[in-house]
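Counting begins at 1 with the first residue of the sequence. In this text the structure is predicted, and so the values were computed from the model without any measurement. What you see below is based on every heavy atom in this structure, not just the backbone, and it leaves out hydrogens, waters and symmetry mates.
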Amino acid sequence: MKPILDEWARQAQKELGNKSLDGLTTESIEGIAIRPLYTAADLEQLESHIGMPGIHPFVRGPYATMYTNRMWTVRQYAGFSTAQESNAFYKQALSNGQRGLSVAFDLATHRGYDSDHPRVVGDVGKAGVAVDTVEDMKALFEGIPLKEISVSMTMNGAVIPIMAMFIVAAEEQSVGLDALSGTIQNDILKEFMVRNTYIYPPLPSMRITADVIEFASKYMPRFNSISISGYHMHEAGATAVQELAFTIADGLEYVRTVVQRGMDVDAFAPRLSFFFAVGMNFFMEIAKLRAARRLWAEKMSEFKPGKKESTILRTHCQTSGWSLAAQDPYNNVVRTTIEAMAAVLGGTQSLHTNSFDEALGLPTQDSARIARNTQLIIAQESHVADVIDPLGGSYFVESLTNSLVKAAESLLDEIESYGGMTKAILAGIPKMKIEEASARRQARIDRSIEKIVGVNAYAVDDEPEIEILSIDNAVVRQTQINNIEKVKSKRDTKQVQQSLEALTEACRSDDKNLLEYAIECARVRATLGEISEAMATVFTRYEAGTVAIEGVFSSEYSNDAEFAAVHAEVVRFEQDYGRRPRILVVKLGQDGHDRGAKVIATSFADLGFDVDLGPLFSTPQEAARLASDNDVHVVGVSSQAAGHLTLIPQLIEALKAEGAPNIVVVAGGVIPTKDYKVLESAGVACVFGPGTNILKAAKQVLAAIRK
């Protein structure tokens with residue numbers, strides 16, 4: 001082998017001329033060295049870890065025949081407006097080749113609020129479907145046989161009322177618990193790290209998760225009681241190593257929690273499932289899925305399972321939403337195709353492909369069809385499914401898989417040193433590491449070290465006009481309020497009160513399964529908000545602190561002239577006005593996705609701004625009061641959940657009511673370009689879409705304050 005390698009090195013050096021051969025080696029954002037060439041020598045001592053499909057440690061796939069026998073499940077994560085509108089969307093998707101449903105709930109539902117609650121005025125029906133009662137759940141699946149269709153539901157905070165309503169809706173379709181198939185996400189730990197749609201504090205939340213796992217293990221043999229999710233970590237900026245390690249650590253924490261309750265690991269572990277994001281680093285994402293299976297199989301040996309199935313990691317995947325660019329958006333079709341192919345070559349069991357327009361707003365029927373057809377074309381036309389694990393034995397892929405395992409094991413050991421994932425989360429460790437990685441990556445993109453076509457490379461002057469699905473939030477909310485009133489007018493109020501009181505009492509006793517009590521509440525038509533509040537009476541609602549890291553963004557800009565120039569402008573502002581420019585960065589409504597807000601807070605602080613980071617789930621009035629009390633120059637609203645047209649004008653009016661009409665308001669996030677003029681006419685000074693360069697945004701904000 002050495003003579004051949006030496007010959008290659010000579011030939012390569014000849015082609016490089018004066019450049020160093022060492023310069024061909026790069027380092028990934030995970031810190032893994034990527035060499036230009038891999039050989040059989042890289043596979044030495046790895047054979048025992050690679051194995052065969054369907055055989056421990058399952059690197060090559062959880063099943064022996066993989067897609068040669070059965071294709072992955074084509075899913076479409078969807079839900080918007082009312083249950084009736086989402087139901088029509090689902091039926092259309094199923095008729096076009098989709099094989100399972102993945103339900104997106106709106107943020108009011110996620111946070112355990114009914115649609116008539118004053119804190120959710122801008123959230124109802126916007127980023128998912130509103131579900132307030134069993135009647136909404138029945139309408140959602142009207143005409144869809146729950147005995148035949150697998151249903152995946154992305155729900156964590158309000159998992160108890162949603163599961164209860166799903167079970168009762170199935171009951172009233174004459175479908176028993178033992179016939180229901182699908183998955184409930186039920187992964188609360190990652191909510192405290194990244195997504196933030198929690199309701200209760202961590203410890204009672206873990207009890208709720210365990211109650212759902214226990215109930216499903218006893219009565220729902222075809223249903224996955226948890227989907228341990230790395231997806232939202234990826235979307236919040238986690239590296240592949242962080243997503244891998246933290247997801248496995250979450251899974252181990254859940255297993256320990258349920259085992260400590262006296263359950264046999266083999267009674268529930270075979271129905272655990274996972275959920276990973278798939279981004280644009282093609283081979284890294286393939287290796288990540290392979291590494292996840294090996295890590296899980298090896299780590300589960302701690303519990304001495306008797307069933308092979310207890311050690312198999314089965315996963316759903318979704319292409320990255322964060323990688324979708326608002327600029328030149330048709331490029332997103334290509335991005336999604338690359339990511340979907342990586343998921344398939346990595347061995348996923350089901351897959352959702354994002355629509356190209358999701359960086360701008362909710363997907364339309366046409367864009368969703370293109371996304372769904374992306375999977376069907378891969379499955380039916382590419383022939384990649386004809387061979388089991390076609391990349392198995394690849395020098396590069398196997399070496400990369402092993403590198404990811406080793407790096408993730410090191411991070412897992414660190415988590416264990418804190419006493420497990422719950423304690424690490426309470427200490428803020430995973431959240432801090434993810435936010436650091438996110439800030440570093442944003443700086444790399446802004447500096448064009450990491451290229452994104454149409455954003456910081458090969459940008460076009462004229463953007464195409466894209467049709468965006470718009471939801472009339474006010475109409476949807478009023479419809480839901482009318483439905484709630486109708487349900488309440490027909491139910492037995494005494495029965496409802498008794499069932500809710502029984503649930504509250506069950507919360508006080510650790511040996512009661514809360515889902516069993518919530519099912520009784522749902523049967524008598526208690527609302528989602530009432531069930532959630534009955535539990536909050538004992539558990540309370542959790543309020544997390546908001547802290548932004550400093551120094552990470554600027555460390556990526558050492559000796560950078562443009563960074564220094566913007567920083568100098570901030571210094572001049574302080575000299576001119578006697579104090580530094582002060583910005584309040586806020587999230588309005590129930591949107592907990594705070595990656596953008598944290599990146600802005602971190603980067604602006606490093607540029608010299610005084611930065612206040614508002615608490616999550618603020619109302620416009622609360623944000624206006626905080627802005628006035630802190631005497632800020634500007635409020636920056638980060639929006640991802642489509643509530644901007646309702647909430648930001650309310651903020652501007654609230655600032656006037658606070659006697660602070662001169663405070664500048666800027667907005668950024670997933671905001672359709674057609675909404676820019678609407679916001680500007682309402683008084684917004686600047687609107688920044690996805691992919692905006694931070695330094696350019698800071699200069700615009702400074703200019704807006706000076707006007």
Test side-chain contact (heavy atoms from CB on, under 4.5 Å) applied to H234 and V278, step by step: CA-CA 8 Å; H234 176 281; V278 182; over 6 Å; no
Audit row: W296, L252, side-chain contact (heavy atoms from CB on, under 4.5 Å) steps and yes/no: CA-CA 9 Å; W296 186 248; L252 295 174; 3.9 Å; yes
Derivation and outcome, side-chain contact (heavy atoms from CB on, under 4.5 Å), residues Y254 and N186: CA-CA 10 Å; Y254 292 130; N186 193 30; over 6 Å; no
T527 vs D114, side chain to side chain donor-acceptor pair (under 3.5 Å): CA-CA, chis, key distance, verdict: CA-CA 7 Å; T527 69; D114 287 335; 2.6 Å; yes
Intermediate values then yes/no, side-chain contact (heavy atoms from CB on, under 4.5 Å), T337 and M341: CA-CA 6 Å; T337 303; M341 185 68 84; 5.7 Å; no
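Of the candidates T247, D250, N196, I425, K190 forms a side chain to side chain contact (heavy atoms under 4.5 Å, CB included) with just one, namely D250. When I415, T209, T422 are each tested for a side chain to side chain contact (heavy atoms under 4.5 Å, CB included) with E253, only one passes: T422. Here the rule is side chain to side chain contact (heavy atoms under 4.5 Å, CB included) with I248, and of I228, L412, L411 only L412 fits it. The only option from M52, R290, M66 that meets the side chain to side chain contact (heavy atoms under 4.5 Å, CB included) definition with D389 turns out to be R290.
At least one side-chain heavy atom of L345 sits under 4.5 Å from a side-chain heavy atom of P390.
Taking Q173 as the reference, nothing meets the side-chain hydrogen bond (donor to acceptor under 3.5 Å, both in side chains) condition, with sequence neighbours excluded. For E309, the salt bridge (charged side-chain N to carboxylate O under 4.0 Å, His left out) test picks out no residue, with sequence neighbours left out. With sequence neighbours left out, K433 forms a salt bridge (charged side-chain N to carboxylate O under 4.0 Å, His left out) with E414. When the salt bridge (charged side-chain N to carboxylate O under 4.0 Å, His left out) test is applied to R523, the partners found at least two apart in sequence or on another chain are E171, E520.
The backbone N or O of S350 lies less than 3.5 Å from no partner atom in the side chain of R314, so there is not a single donor-acceptor pair. With hydrogens and angles disregarded, no donor-acceptor distance shorter than 3.5 Å links the side chain of N354 to the backbone of Q318. Within the 3.5 Å criterion, the main-chain N or O of T68 finds no donor-acceptor partner in the side chain of T65. A donor-acceptor contact shorter than 3.5 Å is absent between the side chain of T348 and the backbone of V344. Under a 3.5 Å cut-off, the side chain of D132 and the backbone N or O of S115 do form a donor-acceptor pair. In this structure, S273 contributes its side chain and I226 its backbone to a donor-acceptor pair below 3.5 Å. The backbone N or O of G54 sits less than 3.5 Å from a side-chain atom of K308, completing a donor-acceptor pair. Side chain of R293 to backbone of V59: a donor-acceptor contact under 3.5 angstrom is found.
Ring pair H56/F58 is perpendicular by interplanar angle, where above 60° counts as perpendicular and below 30° as parallel. Aromatic ring pairs are classed by plane angle as parallel below 30°, tilted from 30° to 60° and perpendicular above 60°; the pair F223 and F166 is tilted. A tilted orientation is assigned to the rings of F275 and H316, their planes being inclined by 30° to 60°.
The closest side-chain donor-acceptor pair between Q590 and R111 falls under 3.5 angstrom. For the residue pair S323 / R335, no side-chain donor-acceptor distance below 3.5 Å is found, with atom types taken as modelled. No donor-acceptor contact under 3.5 angstrom links the side chains of T73 and Q349, judged on distance only. Of the N and O atoms on the side chains of D106 and T109, at least one donor lies less than 3.5 Å from an acceptor on the other residue.
Applying the salt bridge (charged side-chain N to carboxylate O under 4.0 Å, His left out) test to pairs two or more places apart or on separate chains, those with a residue in residues 260-274 are D211-R261, E214-R261. Applying the side chain to side chain donor-acceptor pair (under 3.5 Å) test to every pair with at least one member in residues 136-149, sequence neighbours left out, gives these pairs: K91-E142, D136-Q480, K138-E172.
Contact between I531 and P161 at its shortest, heavy atoms only, is CG2-CB, 3.9 Å.
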